[in-house]
Structures are given as C-alpha cells and as structure tokens.
Amino acid sequence: MGKKGKGGVAAAAAATEPEPVVDPNAPPPPEPVPPVSMLYCGVCTYPPEYCEFGSSLTRCKDWLKDHHPNLFDKYYSEEALQTKVGTLSLEAQSKLEKDVAKKEVKAEAKAEAALKKKMASQVIIKRSERNKRKCITTVFGLEAFDIDLKKAAKQFASKFATGASVTKNPQGLEEIVISGDVSDEVLEMIENQVGVLKGIPADNVELVEEKKKKAAE
Amino acid sequence: MFKKFQPSSDIAGQTPVKSSVQRSIRSNVLSQWKIEPETLEAIWPKKEGLVHVKCREHVSIYTLHGEPLIFQHFDGPLYPTLRLLHKYPHVLPAVKVDRGAIRFLLAGAHMMCPGLTSAGGYLPPASEALPAETPVAILAEGKTHAVGVGITKLGTEEMKSINKGVAVETVTYLGDDLWAVQSL
C-alpha cells in the first residue's frame with residue numbers, strides 16, 4: 001500500500017504542472033537528458049513551424065504574432081519565406097500555397113456548417129411510462145452540444161437521487177435514461193445551465209410524452 | 001495506424017499493466033530506442049504504473065497518468081508517441097523528407113524513397129545504415145521538430161539504390177487522431 005501512496009503524491013505533483021517538463025527530484029547521479037521544451041500553436045496544436053500546413057494558417061499567424069512575436073518573425077519574415085522555398089521548385093511552391101488556401105476555406109466552411117448543425121440540433125426529453133405510476137425519462141441529443149454524457153448522467157443522478165445512466169437506444173445512439181418522472185426538472189436545469197449542461201439554447205429543447213401501449217389491445 | 005481513431009468507439013478497455021510486463025516493456029524500450037536508463041526514468045518513473053489501453057486491430061497504447069507515451073501494434077516494436085518524441089528527439093534514428101512530401105505525410109501517406117533521397121531529404125550515411133523494420137523519426141526539410149513516426153520498409157542503403165516505392169511506412173503523424181488525443 002505504501003507504494004500506492006507514493007504514486008499518489010507523484011501524481012498530484014504531475015497534475016499541478018500539466019506539461020511534465022522535468023521532475024526536479026528525478027536526476028540521479030548520471031543526469032537524464034532534459035526534454036526539449038515544446039511550444040504548440042494555440043490554434044491548430046501543431047508546432048508553429050508546421051502551421052503553414054494546417055487548415056487555419058491565418059488564425060495561427062495571428063495567434064503567434066500575439067503570443068510569441070519573436071517566433072513570428074523567425075517563421076514568417078521575408079528571408080524566412082525565401083529560405084523556406086529551399087529545394088522546391090517555384091511551381092510546386094505556388095501549388096502548395098494554393099492548396100493551403102483552399103484547405104483553409106474548406107475548413108472554415110466545415111466549421112461553420114458544424115456550428116449551424118449544432119445550433120439546429122434538438123435535445124429531446126421524453127417521458128415514458130414503465131407501468132401504472134412509474135416513469136422513466138430519457139434525454140436524447142445532449143452530445144451534439146459537447147456535453148459529456150457520463151458526467152451529465154452522474155449530475156442527474158445526484159440531483160434527483162435516482163438512477164441515471166447512459167445507454168444505447170435501438171438506433172445505436174447514446175442517451176441518458178433517468179428513472180422517475182423528472183422531465184420538467186430536467187428542462188429547468190437545461191434552461192438554467194446547471195453544472196455541465198452548458199450552451200444549450202432553450203428553444204432547442206423539446207418535451208415529449210409517450211404513453212405505453214396496452215399489450216391487450 | 002491512427003488516421004481514423006475514435007477514443008469512444010475504438011478503445012476496448014483499459015487495464016493497469018502487471019509489473020512483470022512493465023519490466024519487459026522497460027527492457028524492450030531500452031534495447032529498441034537510443035535512450036539512457038536515466039532519461040527513461042524521468043519520462044516514466046519506476047514507481048508509477050503504466051495503463052494499457054487496448055484498441056481495435058491489436059493496437060496497444062500505454063499511458064501514464066492518462067497521457068499516451070508508447071504504443072505498439074500486435075507484438076511489433078514499441079513506438080513513442082509524437083509528443084514524447086518532440087520532447088526527446090534523440091530516442092529514435094532520424095530520416096528526413098523533402099518539403100514536397102510534407103503535405104502528403106500530413107495526410108497520412110507512407111513515405112516513398114525519392115522523398116528521402118532527394119536534395120532536401122536525409123538518410124543516415126552508409127556507416128550508420130538502418131536495416132528494414134526499424135522505427136524512425138520522420139523529420140522534414142527546414143523544420144526542427146519531427147513530423148511523424150514511421151517504420152522503415154527497406155534498409156536505408158536499399159532505399160538509395162532502389163529509389164522507388166515505399167521506404168518508410170507512417171505509423172503516426174502530426175495531426176492524426178492520436179495527436180488529437182491528449183489524454184485517455
């Protein structure tokens with residue numbers, strides 16, 4: 001068990017500095033080779049020298065200019081652009097630039113479409129009867145708003161003190177199933193943006209009631 | 001290998017690695033990579049256990065505190081993830097591709113011989129020739145950091161003489177889905 005405790009301490013230390021640079025307590029007599037400290041672009045996550053191949057070059061450039069002006073000069077100054085061409089023929093270079101521009105436009109269009117789709121997607125809260133006076137509430141479509149379903153389920157469970165879980169429905173899509181009739185409360189929670197339920201426009205939420213069909217009929 | 005990789009659907013399970021298996025991974029890493037025991041100790045302290053993330057198609061990723069460090073296909077060689085390679089670039093032998101090949105590499109293509117043998121490329125000299133099936137870091141012309149990790153399909157001397165076809169198979173590259181996953 002002692003081992004576990006120590007591991008926990010180290011884990012906590014690692015958690016405080018997310019980029020594990022060098023462990024100050026690590027160096028034994030022969031020094032370990034220190035890691036190269038890396039800088040990644042805040043927009044496309046590539047190392048900045050590769051931004052030119054990404055799909056968001058203009059935004060990357062702006063980011064680098066704002067955050068690391070010296071690096072910006074290094075990568076995008078006139079002479080850097082001159083040497084960059086290197087062994088590549090002029091023709092290939094211009095083609096590459098065209099490609100990048102095209103890619104950028106495409107990526108932008110894609111992001112826009114995704115946003116539109118996100119805004120149009122619906123969250124459906126469905127109440128269905130299990131037997132006479134017991135219900136289950138299913139919440140469907142939360143994942144379109146970048147909500148971690150597991151966390152949301154956990155939040156519902158602790159809020160309503162009932163069971164709530166993430167299950168796959170017959171269509172193979174994931175939804176949250178909460179036992180008990182809590183549809184109104186769920187709606188309220190979404191409107192008030194409680195906890196993880198953030199960024200859902202209230203207009204996109206729909207309440208549906210489903211009566212169980214009598215088997216005898 | 002990671003061109004299409006969705007953590008939600010492609011991961012079969014996560015388990016802590018047995019200490020005996022960890023020992024063998026550690027010794028394999030030390031024998032396969034150009035890495036000093038002290039450096040490995042700094043990356044992966046002895047006290048801390050790796051977590052084995054099993055993925056589809058026999059891909060195993062080993063993570064430390066949720067951060068992917070090492071991955072492996074079936075029983076093949078161990079590869080460092082690109083982020084780890086950026087921090088410790090010396091652990092793998094390097095090859096370099098010319099500028100024209102970068103955009104193909106970033107789309108996940110395998111590296112062909114001409115891209116490595118041309119003026120902008122680099123292959124180790126004959127005295128340090130690499131055999132086939134060696135994990136290598138793929139660098140790019142005019143860049144300091146690695147752009148991918150690959151495995152040689154031909155010996156480096158063969159690449160120079162044949163100069164045709166696939167030379168290095170790309171295993172992971174900048175911007176693939178493994179790159180996008182920062183923690184598992």
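Predicted, not measured: the structure shown is a model, and the values here were computed from it. Naming convention: chains lettered A, B, ... in sequence-line order (proteins, then strands); numbering from 1 in each chain.
Within the 4.5 angstrom heavy-atom criterion, no atom of Ala180(B) approaches chain A.
Applying the side chain to side chain donor-acceptor pair (under 3.5 Å) criterion to Ser183(A), with sequence neighbours excluded, gives Asp181(A). Evaluation of the side chain to side chain donor-acceptor pair (under 3.5 Å) rule for Gln22(B) yields no partner, not counting sequence neighbours. Residues passing the salt bridge (Lys or Arg N to Asp or Glu O under 4.0 Å) test with Lys160(B), sequence neighbours excluded: Glu157(B).
Side-chain atoms of His52(B) do not come within 3.5 Å of backbone N or O of Ser60(B) as any donor-acceptor pair.
Judged by distance alone, the side chains of Glu49(A) and Thr144(B) do bring a donor and an acceptor atom under 3.5 Å apart.
The two residues Gln32(B) and Leu78(B) have their closest heavy-atom pair at OE1-N, 2.9 Å.
Using a 4.5 Å heavy-atom cut-off against chain A, the contacting residues of residues 103-116 of chain B are Arg103(B), Leu106(B).
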